[in-house]
Amino acid sequence: MSGNQDALLNGLVGLSRSLGRPERDLVILGEGNTSVRLDDESFLVKASGTSLAGADPGSFVKMDFGRTLALLDLRDPADDELGEALMGARSSAEGGLRPSIEAPLHALALTEGEAAFVGHTHPTSVNSILCSDHAGRLSEGAIFPDQIVVLGRHPLHIPYSDVGLPLAHALRDGLQEHKRRVGTPPKTVYLQNHGLVALGSSASEVEQITTMADKHARIMAGVLAAGEPVYLTAEQADHLDTRSDEEYRRRVFQGNR
Ligand SMILES: [Zn+2]
């Protein structure tokens, strides 16, 4: 790989190990996966059976965007047929690592979703809400300003789908509908009864989105225990959204507000 691609791989390893830290309670065992766009043709995604906490440069598989996205056109493939097709979507047939079953989801997030880095986790805090009849509360509105700055004005909620191709189809439909409605892709995607997908322009943005989504979900759990959420008005949210430029984000994270 080129020097730039080595830097991207190093960023992906660092992000993966950070998201996998046990005390953060975002994933356990082999849960969750991460990816990075290398160029117009290829991306790296976590290999199946590896853990985020123990990620190293050998934990990722290089995939071809065109062949991975073509998996979405398979009609009801059997498990072994899909497994073979996933192996065939690798950039190179060398090596035995099997890509994550969520490789098509990552390919979509890195193309249709316009992300450079993607982090998919199963945070206990977020799933406590997503597995309840209040799941929609996470994406219905904003309850505090930094939520909008970090998670975006319009998070996307995807109804429950089986992992693999059904989930990838649901994400594709959701991203396309979201872009038609809002004009830009979401930064934050909530998967009903499943977990969180952070779409970042950098590894550190994926880190920030995941950290804020965790905090937001813990606040929402407290809100729902205390009463009903009081959402900011559309006018208040729009005002914050138009201020969520890079300079404002920097001030938020340096605490100079
Ligand atoms: Zn998952």
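Just so you know, residue 1 is the first one in the sequence shown, and it goes up from there. Read the numbers this way: they start at 1 and go in the same order the structure lists the ligands and their atoms. Just so it is clear, the structure is predicted and the values come from calculations on it, not from any experiment.
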Check ion pair Lys187-Glu205 (N to O, under 4.0 angstrom):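 So Lys187 pairs with Glu205 through a salt bridge.
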Ion pair Glu114/Arg37, N-O distance below 4.0 Å: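 Here Glu114 does not pair with Arg37 in a salt bridge, since their nearest N and O are not under 4.0 Å apart.
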Connected via hydrophobic side-chain network under 4.5 Å: Val27 and Val13: yes
Atoms of type N/O/S from protein, distance to the Zn ion (ligand 1) below 2.8 Å: 3
Contacts of His157 that satisfy ring-ring contact (aromatic ring centres under 6.0 Å, His included) - sequence neighbours left out: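 If we apply the ring-ring contact (aromatic ring centres under 6.0 Å, His included) test to His157, skipping adjacent residues, there are no hits.
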Contacts of Glu23 that satisfy salt bridge (charged side-chain N to carboxylate O under 4.0 Å, His left out) - sequence neighbours left out: Arg21
Qualifying ring-ring contact (aromatic ring centres under 6.0 Å, His included) pairs with a residue from residues 103-143, counting only residues at least two apart or across chains: His120-His122, His120-His194, His122-His194
